[in-house]
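Ligands are counted one by one from 1 in listed order, and the atoms in each one are counted from 1 as well. Because the structure is a prediction, the values reported are computed rather than measured.
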Amino acid sequence: MLKINEIIQKKGKEKIIMLTAYEYLTAKYLEQAGVDIILVGDSSGMVFSGHKDTLPVTVDDMIYHTKAVMRGAKETPVIVDMPFMSYQVSVEEAKKNAGKILKETGAAGVKMEGGVEICEQVRALLKTGIPVMGHTGMQPQMTRKYGGYPVIGKNELERKQLIENCKALEEAGVFAIVLEKVKAEVAKEITEFLKIPTIGIGSGPFCDGQVLVTHDLLGAFLDFKPKFVKQYEKIGWRSIKAIKKFIDEVKKKKFPGKNYYF
Ligand code: KIV
């Protein structure tokens with residue numbers, strides 16, 4: 001299994017690939033395909049559970065998904081999102097919840113959204129031996145404050161704040177930072193001055209790695225498609241087509257044909 005410091009060492013040498021899984025089968029596909037990191041993202045709230053954002057996701061939801069993912073991912077490090085309000089309230093809450101996630105699932109580490117304001121939590125988790133991945137730029141858990149999902153780094157103030165947040169996260173000890181919807185030239189600047197890798201989503205080609213929601217890249221999630229998603233398949237529509245064919249064959253009494261019963 002790839003170790004955390006081996007992931008850091010990929011910076012500047014080869015791109016880091018991270019994709020999401022919420023259950024056993026997808027985890028198996030990702031491992032077989034050869035991703036570097038599997039992320040049990042709190043995007044599960046939208047993609048798996050059908051909520052309008054990630055805010056309703058609980059620690060127990062994340063543990064349920066991660067246990068299933070761990071059964072499919074034997075060799076790949078699994079990182080788990082700390083859901084909304086599981087770490088923001090206090091350092092103690094962060095330790096308790098991250099500890100529960102690692103203890104009950106065997107995952108390799110956790111990911112938390114934020115900047116300067118979560119550094120105390122990052123340091124406390126590292127002291128207890130829990131590796132942390134940062135996530136800044138556009139933070140989906142802040143969607144109610146933003147009133148949507150804005151691009152970050154569009155002006156000098158946003159650029160400066162983002163740089164300050166990334167420096168603070170690196171200093172606090174995160175092993176990598178997800179940069180979400182950051183203007184490409186700002187993501188480039190951050191990637192160049194950080195010693196740890198950046199993993200971009202909608203933040204351009206200069207990041208040290210890329211992450212997407214697997215259901216997005218497969219074209220399985222049909223509710224909407226962010227600009228930064230490239231669909232490499234049309235699994236959603238192909239599935240609907242296959243299910244329609246099944247319905248049709250049963251109605252026309254073509255299924256089950258003689259090879260399909262005893
Ligand atoms: O929840 C998630 O899936 C994520 C990735 C999109 C980075 O945080």
Ligand 1 to Lys111, heavy atom cutoff 4.0 Å, flagged ligand atoms 4 (C), 8 (O)
Within ligand 1, which atoms have a heavy atom of Asp42 less than 4.0 Å away? 1 (O)
Phe193 six-ring face occupied by Lys167 cation (under 6.0 Å, within 45°): yes
Can you tell me if Glu180 and His135 form a side-chain donor-acceptor pair at under 3.5 Å? yes
At under 4.0 Å between heavy atoms, is it the side chain or the backbone of Thr54 that contacts ligand 1, or both, or neither? neither
Under 4.0 Å from any heavy atom of Ile201, which atoms of ligand 1 are there? 6 (C)
Give the contacting part of Leu212 toward ligand 1: side chain, backbone, both or neither, where contact means a heavy-atom distance below 4.0 Å. neither
What protein heavy atom sits nearest atom 2 (C) of ligand 1, and how far away is it? Ser43 OG, 3.3 Å
Enumerate the atoms of ligand 1 whose separation from the nearest heavy atom of Thr20 is less than 4.0 angstrom. 3 (O)
Quick check on salt bridge (charged side-chain N to carboxylate O under 4.0 Å, His left out): which of Lys252, Lys244, Lys251 does Asp248 satisfy it with? Lys252
So which of Lys10, Lys15, Lys11, Lys13 actually passes side-chain hydrogen bond (donor to acceptor under 3.5 Å, both in side chains) with Asp208? Lys11
Verdict with reasoning, Tyr22 to Thr214, per side-chain hydrogen bond (donor to acceptor under 3.5 Å, both in side chains): CA-CA 10 Å; Tyr22 317 125; Thr214 304; over 6 Å; no
Give the atoms of ligand 1, by number and element, whose distance to some non-hydrogen atom of His135 is under 4.0 Å. 8 (O)
Polar contact flag, side-chain donor to acceptor under 3.5 angstrom, Glu23-Thr26: yes
Suppose I only count heavy atoms of Gly41 and a 4.0 Å limit; which atoms of ligand 1 are within that range? 1 (O), 2 (C), 3 (O)
May I ask you to decide whether Lys188 forms a salt bridge with Glu185, counting only side-chain N to carboxylate O separations under 4.0 Å? no
Considering only the protein, which heavy-atom contact is closest to atom 4 (C) of ligand 1, and what is its distance? Leu39 CD2, 3.6 Å
Is any N or O atom of Glu180, backbone or side chain, closer than 3.5 Å to an N or O atom of ligand 1? no
Is the closest side-chain donor-acceptor distance between Gln141 and Gln88 under 3.5 Å? yes
